[in-house]
Amino acid sequence: MSLVAQQTIAIDQDLPSIDKPISQRQIDCYSGVRPRSIHTDPEWARKKGFAAPLAQGMMSSAYVSQMMVALLGEGFVKGGKMNVKFIKPVLAGDTLTMHGRVREKQPEGERTRVVVEFWCENQDGIKTMVGEASGLASS
């Protein structure tokens, strides 16, 4: 996995979106199945006011990381940063779509830091997470 040349990345470039259906099985893998968990116990989640078990925030973050690795390869793996804000819960059965847009490019040593604004939406178009991620591209 090599660094991507920053010349191939443009400001305001939209990244290819990624769709991810969120299954209870995936949530169980992230959370470990246990009783009285809003993540893995549907009855307990309903008792706590949710329509279904909640996905871990780490799942959404992992999908953004996937989008950034597709853009920058090793430059995200070995120099990536992410700042996120979770704004709505993600439930079992939801489908998330990750979106990203290149906001800026900043010189950083012999490389260029590519900053991406991202947002995740559920199947109803409601934003569930927003933030920015960045990684290094070769100059």
Between Lys20 and Gln66, is any side-chain donor less than 3.5 angstrom from a side-chain acceptor?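 Distance-only check passes for Lys20 and Gln66.
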Is it true that Thr97 and Asp19 share a donor-acceptor pair across their side chains at a distance under 3.5 Å?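 Yes.
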Approximate separation, where rounding is to 0.5 Å, of [X] [atom1] and [Y] [atom2]:
X: Ile38; Y: Phe50; atom1: CD1; atom2: CZ; value: 5.0 Å
X: Glu117; Y: Asp12; atom1: CD; atom2: CG; value: 9.5 Å
X: Leu136; Y: Lys81; atom1: CG; atom2: NZ; value: 8.5 Å

Give the intermediate values and the outcome of side-chain contact (heavy atoms from CB on, under 4.5 Å) for residues Arg103 and Glu132. CA-CA 9 Å; Arg103 194 175 73 221; Glu132 77 173 31; 2.5 Å; yes
Is there a side-chain contact between [X] and [Y] (heavy atoms, below 4.5 Å)?
X: Glu104; Y: Arg113; answer: no
X: Ile126; Y: Glu121; answer: no
X: Met129; Y: Ser61; answer: yes
X: Met67; Y: Phe76; answer: no
X: Ile22; Y: Leu91; answer: no
X: Pro53; Y: Gln24; answer: yes
X: Tyr30; Y: Met58; answer: yes
X: Ile9; Y: Thr112; answer: no

Could you see if [X] belongs to whatever hydrophobic cluster contains [Y]? Use Ile, Leu, Val, Met, Phe, Trp, Tyr and a side-chain cutoff under 4.5 Å.
X: Leu71; Y: Val77; answer: yes
X: Met98; Y: Trp119; answer: no
X: Ile87; Y: Phe118; answer: no
X: Met59; Y: Val130; answer: no
X: Phe86; Y: Leu96; answer: yes

Look only at the side chain of [X] and the backbone of [Y], and say whether a donor-acceptor pair between them is shorter than 3.5 Å.
X: Arg46; Y: Asp41; value: no
X: Lys48; Y: Glu43; value: no
X: Gln13; Y: Val102; value: no
X: His39; Y: Leu54; value: yes
X: Gln26; Y: Ala55; value: no
X: Asn122; Y: Asp124; value: yes
X: Asp28; Y: Gly32; value: no

Got more than 12 heavy atoms from elsewhere within 6.0 Å of CD, Gln106?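 Yes, enclosed.
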Assess whether side-chain contact (heavy atoms from CB on, under 4.5 Å) is satisfied between Ser134 and Val116, documenting all intermediate values. CA-CA 6 Å; Ser134 68; Val116 172; over 6 Å; no
What's the shortest heavy-atom distance between [X] and [Y], and which atoms?
X: Ile11; Y: Lys105; answer: CD1-N, 3.5 Å
X: His99; Y: Ser17; answer: ND1-CB, 3.9 Å
X: Ser65; Y: Met82; answer: OG-CE, 3.2 Å

Checking side-chain contact (heavy atoms from CB on, under 4.5 Å) for the pair Val84/Val64: CA distance, chi angles, key distance, verdict? CA-CA 10 Å; Val84 306; Val64 172; over 6 Å; no
